[in-house]
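Here is the structure we will look at, set down as C-alpha cells.
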Amino acid sequence: MPTRDPARPAGRPHGPGQAPVRIPARRSVGDVLAGLGALAVLVAIVGGVPYALLTFVGPPISPELLDLDLLNSRVGPSTIMAVLVLFVWLAWLQFFSCVIVEVYAGVRRVGMPARVPLSGGSQALANKLVSAVLVLFTAGAMVVPIIKLAAPPPTAPPMTTVAYSAPIVEQQPVQAQATKKVYVVQPPHGRHHESLWEIAEKCLGDGRRYPEIYRLNQHKEQPDGTRLRMADLIRPGWVLDMPDDARHAHVVPVNQARAQTLKQHPAGSHKEGHQRVADEARKSSSVKQGPAHARHETTGAEQPVVQSPGVDLTDYLAAASLAAAGLLVVLARRRREQLWRRAFGRRIVRPRDDAAKAEVALRLGADAPGTRILDIGLRLLGAELATQGRTPPTVYAAHLSPRNLDLWIHPPDGDAPAPWIAQDGGQVWRLAAHEGRLLEEQPGGAPYPGLVSLGADESGRVLIDLEAAQGLINIRGPQTTAALAALAVELATNRWSDRMRITLVGFGDELTAIAPDRIRAVGSLAEVLPELEATAAPRQEVLTGRVTGSPRDAHYLLSAVAPTHEEARRLALLARKDTAGYVVTGDVPHATWTLEITEDGKAKIAELGFEVTAQLLPRRHYQALIDLFRTAEQLDGEAVPEAEPLEELAPPAVEIRMLGPIEIVGRDPLEEGRMALATELLVYLATHPGGVHPVVLGGVLWPRGVQPMVRDATIARVVDWLGREHLHVDEAGRLRLGPAVRTDWALFRELVRRSHGDPMARTVLLEKALGLVRGPLLSGRPLGRYAWLAGDDLEYDVAAGVADAAHRLCELRLAHGEPDAAVAAVRAALLLATDDEGLWRDLLRATHATGDVLRLRTVVEGLTRRSSSHPYGGGMAPETEALIDELLPSWRIHIVRESTA
C-alpha cells in the first residue's frame, strides 16, 4: 500500500550529538570551469574596463564636454571622441548596475531579479555570468559540511525517553564486515502509513536523510516481488537496507535473502514496542500537556518555541494560501448540502484526526482577499480589453503580495487598461491592492484560468500560467507527485476560472472527491492523447472567446507518468498549437520550461529565473484533504452529545457570550490589542471544562508557534484580569475556569435540557433559550483567529442545538394555533443557523399557517434570492422546492416575472 510522501512534514533541529548531513552537490568539472571563466570575464569587465578607460582615455566627462561653447562651436574629432567615451562609460555603468542587481537576487534568492531600465542584453549577459559564478561559490561552500563529516561522529547523548521494545534494539554484530543493517516497513496504524521520511527521522535522526535510504534500495526486489521506484511509495513488509549509522534497525548477514530477513523479523514486530512508547508518551503528555500533546521545537539555542499539534500539516496546507481559500469554499458548499439532509437531533459529521488538522491549517492560511483580487482583477482586465477590441496579452507569471498584484506579460505593452498601470516599460501590469479591494464583482469571463501557484518568496506568492509556456512543462525532482497534486488542487478549486477540465495521469484518482466536475484521472497518456489532439484550439481564438462571452473549456494535463519517445513527440507538437497546459514528468526533450522541485523543497524554473519555496502536497497532507472531503460527503449525521447539567441558573460572576457577537460580561475590557487574545483564551477554556495545559493552550492560540515566556505572560495577564478565583491551575497543571464563570451556550443547553422534563414550562424555557441567540456564533472574531474551531465540536453542536430548539418550539406554537410566535421562534434561530435548510422549511410552514399569502410570497422570494446568490452556491434543497410548490404553486411564475422585469 502506498505511504505518505517522504517530503519533510516539519523541520526538527539537529540534536546536540548529531553529525551534520552531507547533501550531495550537483556540480561537474565543467560547472567549475564555467564559473571560473565567468568570474574572469566579470572581473575584466567590472574592474578592467574602467581601469583601461581611466588609463588610456580619461574620465567619463572630458574637458571638451564641459566647454559651454560646445553648443555654438563646430564639432571636431576630439568632441566626437569625448561623446563616444561618455557612452562607453554609461554602458559600463549600466552593466555594473545589472551585475549588482543579479548578485543581490542570486544571493538573497528573491526569484526574478529586478529589471534595470533599458538594460536588455546587458542584463541577460550579467545574469548568465553571475549565475555561473554563484554556482562556483555554492559548490565551494559544500566543502565545509563534507570536511566535518570526515571527523569521527560525536557520541550520541544518552536516551531519556522510553526505550523501544527488544526486537528493534540494535544488536552487536559478530563480524562487522559480514553484516548490514535493515529496517522492515511496518503495517499501517489506522490510516497512518510509514514513509521514508519517518524511517529516516527515527533511524538516522534526520528525516532529510531519506534520499540515502532511497538510493540504497532503489530498484531492489522486495519480498513481494515489487521494487522501490518512487520515494513516496513504499509498502508494509518491505525490507530496506539502511546506512551503517542507523539506529533501531535489525543487523543481518550481508547476503541474507530479504524473505529470510522478513521471516526472522516480520512486519509488525515493532508494533508492540511502538505501541508501548506511544502509550507512555500519552501518559506523560496527560500530565505535562493535557488532553492533546504539542511538539517542542527550537529555533535557536536561546529561543524555544512551542508549536501546535499537527504543525507539519500547517506548514504545507496553510502555506498554500490561495488553494486553501478555494478548498474552504468547496468544503462549505458540501457542508451546506449536508445541512439540507440534517435530521432533527443530529449534527453534521465533523472531521477528526488529520482531517480536522487539515481544516485548521486551511483556515489559518486561507487568503480570501487575495483570491478575490485575482478573480475580480483579472475579469475586469479581460472585460476592459474586450471593450477596446484587444486580445489579452500572454501572462506568463504573476506575483501576489499584500500591496500589489503584478502580471508579467509578453510582449511588453505600456497601454494597460485602468485601474491597471504599466510598470517597467510595459513588461509588468500592476493592480494595487487598495484598488483591487474597491472593485465590485465582475460578470466578465476569466481570461487566465491557468494561473496557478508555483510557490512563495519573501514578498508574496508567485504564480505561473500553464498556458503561457506554449509547449511542454517538464517537472523533475524527488517530489514531483507532491508538486503535481498541489497544482491539481489549486486549479480545481480556484475562483479565477470558469470552465475547466483537469486530466491527471498516473495519480490523483481520489481528488475527484474534491472536484468531480473538473478532475478526471487516467492510467496512461495513451488514453487521452487522441482526444487532446482532436480538441486542440489556437491561442488567440481561445483568449478572445474568454473575454467576449464565447469561452471554451480550459484544459490542463498533469502527468506523473513519464511519456514514451513517441508520446513525448506527439505531446510537444500538440502543446505548440493548443491553448492548454501540459506538465509532464520524466526526461522530456525540447520542453519549453523545466520545473525542478529540489530535495529541500524549492521550485526552480531557469527559463523564467524563478526560485521559490515550492507549493507541495505530500502524501499525508493529500490523504488528510481526501479524508476531510469524504467526511463532508456523509449525509447521515451523528448524534449530538448530551450537555452536563448546571446546578443553578443564577447570573454568573463572569459570563462569556458566544451566541452572537463575542462579549465578556462582568469585567472591564483589557487595553486595546490584548482583549481579542484574552477572549479567545477564555472561550477555549470555557468549551473545554476538563482543563487545558498551558502548552496545549499555547498551541491553540499561537498555531504557528510561540515563545514560552510570551505564552506564560499572556496567561498571567488574563489570570490577573479575571481573578484567581475564576481562573486557576489544578493539580495536574491544567488551567480551569471557576464555577462562577459561565457561557451563554451552557445556559442555552441547560434551558433546553430542562424543557424536556417540564411540559408545562416547555415553551417558556425554549423561548428563553432562543432569546440568548443574538447572531452568528462568535461573530466579530478577528480574521485568522479561532481556527481551532475546525477540529472542535462547538460549531457543529451549536448550529444543530439552536436549529433543533427552534424546530421544537415552532411545532409547539403551531400545535397551539400560534403561527406568529412560531415564525418568531424560527427567525431567532436563523440569526445563527442561517444555512440550516430545515429552519427555512419551518419558516415556510409557519408563515403559511398565518394565512397571509403576501407574507408567504415575500419569504419565498427572499429565500430564492438568497439561494441564487449564496456565496457557496448550490441553490436550495429539493425538499424545500417541493414544499414551496405545495404551499405556493404560483411561485415560479412570480420569480420569472421579477427576473424579466
Side-chain angles (χ1 to χ4, degrees), residues 290-291 641 643-702 710-754 765 768-782 785-789 792-795 797-798 801-802 805 831-832:
E644 291 291 330
L646 294 179
E647 295 181 0
E648 57 180 39
L649 301 182
V654 178
E655 185 179 29
I656 304 169
R657 294 182 178 174
M658 303 186 295
L659 304 180
I662 309 172
E663 295 178 2
I664 306 296
V665 179
R667 287 293 182 272
D668 293 331
L670 286 171
E671 58 269 30
E672 187 177 355
R674 291 179 173 173
M675 190 63 195
L677 188 60
T679 301
E680 185 177 4
L681 185 153
L682 293 182
V683 169
Y684 190 82
L685 290 177
T687 53
H688 295 78
V692 182
H693 193 277
V695 172
V696 176
L697 189 60
V700 169
L701 300 180
W702 294 274
V710 173
R711 176 200 66 209
D712 295 342
T714 301
I715 293 173
R717 188 179 301 116
V718 176
V719 170
D720 291 341
W721 170 59
L722 199 66
R724 296 187 180 275
E725 70 276 16
H726 301 314
L727 178 56
H728 64 277
V729 179
D730 64 14
E731 294 179 355
R734 299 186 183 96
L735 287 162
R736 292 177 182 266
L737 292 175
V741 180
R742 191 180 69 198
T743 66
D744 54 355
W745 170 235
L747 177 59
F748 180 98
R749 299 183 81 177
E750 179 61 19
L751 291 170
V752 171
R753 189 186 68 81
R754 294 189 180 190
L765 290 171
K768 283 186 175 180
L770 289 169
L772 299 173
V773 177
R774 299 168 292 115
L777 175 69
L778 296 168
S779 62
R781 58 182 182 261
R785 302 215 65 90
Y786 293 84
W788 53 269
L789 287 170
D792 198 88
D793 289 337
L794 184 64
E795 280 186 336
D797 288 350
V798 170
V802 170
L831 291 174
L832 186 144

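Since the structure is predicted, the reported quantities are computational estimates derived from the model, not experimental observations.
In this structure, the separation between CG on Leu832 and CZ on Phe748 is 8.5 Å, given to the nearest 0.5 Å. Distance check, rounded to the nearest 0.5 Å: OH of Tyr786 to CG of Leu701 gives 9.0 Å. Taken from CD1 in Ile662 to CG in Leu777, the straight-line distance is 8.5 Å, to the nearest 0.5 Å. Atom OG1 in Thr687 sits 5.5 Å away from atom CG in Leu794 (nearest 0.5 Å). The line from CG of Leu677 to CG of Leu670 is 10.0 Å long, rounded to the nearest 0.5 Å.
Residues in residues 678-698 take part in these salt bridge (charged side-chain N to carboxylate O under 4.0 Å, His left out) pairs, two or more places apart or across chains: Glu680-Arg785. Pairs engaging residues 715-734 under the ring pair (Phe, Tyr, Trp, His ring centres under 6.0 Å) rule: none recorded [sequence neighbours left out].
Side-chain contact between Ile715 and Leu681 is present, with heavy atoms from C-beta onward closer than 4.5 Å. At least one side-chain heavy atom of Trp788 sits under 4.5 Å from a side-chain heavy atom of Val683. For the pair Leu646 and Arg742, the minimum side-chain heavy-atom distance is below 4.5 Å. Contact check for Leu789 versus Leu778: side-chain heavy atoms found under the 4.5 Å cut-off. Residues Ile656 and Ile664 are in side-chain contact: their nearest non-hydrogen atoms beyond the backbone lie under 4.5 Å apart.
Taking the salt bridge (charged side-chain N to carboxylate O under 4.0 Å, His left out) definition, one finds that Asp668 meets it with nothing, sequence neighbours left out. Residues satisfying the side chain to side chain contact (heavy atoms under 4.5 Å, CB included) test with Val729, not counting sequence neighbours, are Leu735. Every residue two or more places apart in sequence or in another chain that forms a side-chain hydrogen bond (donor to acceptor under 3.5 Å, both in side chains) with Arg736 is listed here: Asp730. A search for side-chain hydrogen bond (donor to acceptor under 3.5 Å, both in side chains) contacts involving Glu750 returns Arg753, Arg754, not counting sequence neighbours. For the ring pair (Phe, Tyr, Trp, His ring centres under 6.0 Å) test, residues two or more places apart in sequence or in another chain that qualify with His688 are Tyr684. Listed by chain and residue number, nothing satisfies the side-chain hydrogen bond (donor to acceptor under 3.5 Å, both in side chains) test with Glu648 (two or more places apart in sequence, or in another chain). Shown here are the side chain to side chain contact (heavy atoms under 4.5 Å, CB included) partners of Asp797, two or more places apart in sequence or in another chain: Arg347, Val640, Pro641, Trp745, Asp793. Scored by the salt bridge (charged side-chain N to carboxylate O under 4.0 Å, His left out) test, Arg717 finds no partners at all (sequence neighbours excluded). Remark: Glu655 pairs with Arg657 by the salt bridge (charged side-chain N to carboxylate O under 4.0 Å, His left out) rule, at least two apart or across chains.
Contact record, Ala740 with Pro652: O-CB, 3.4 Å, taken as the closest heavy-atom pair. For the residue pair Val692 and Leu697, the shortest heavy atom distance occurs at CG1-N, 3.8 Å.
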Check: residues 768-775 side-chain donor-acceptor pairs under 3.5 Å, at least two apart:
residue, atom, partner, partner atom, Å
Arg774, NH1, Pro661, O, 3.2
Arg774, NH2, Pro661, O, 2.9

Margin query: Evaluate Leu649 against Leu751 for side-chain contact (heavy atoms from CB on, under 4.5 Å), listing each step before the verdict.
Written below: CA-CA 9 Å; Leu649 301 182; Leu751 291 170; 4.0 Å; yes

Item checked: side-chain contact (heavy atoms from CB on, under 4.5 Å) between Leu831 and Val802, worked out -> CA-CA 10 Å; Leu831 291 174; Val802 170; over 6 Å; no

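Between the side chain of Arg674 and the backbone N or O of Val718, no donor-acceptor pair lies under 3.5 Å.
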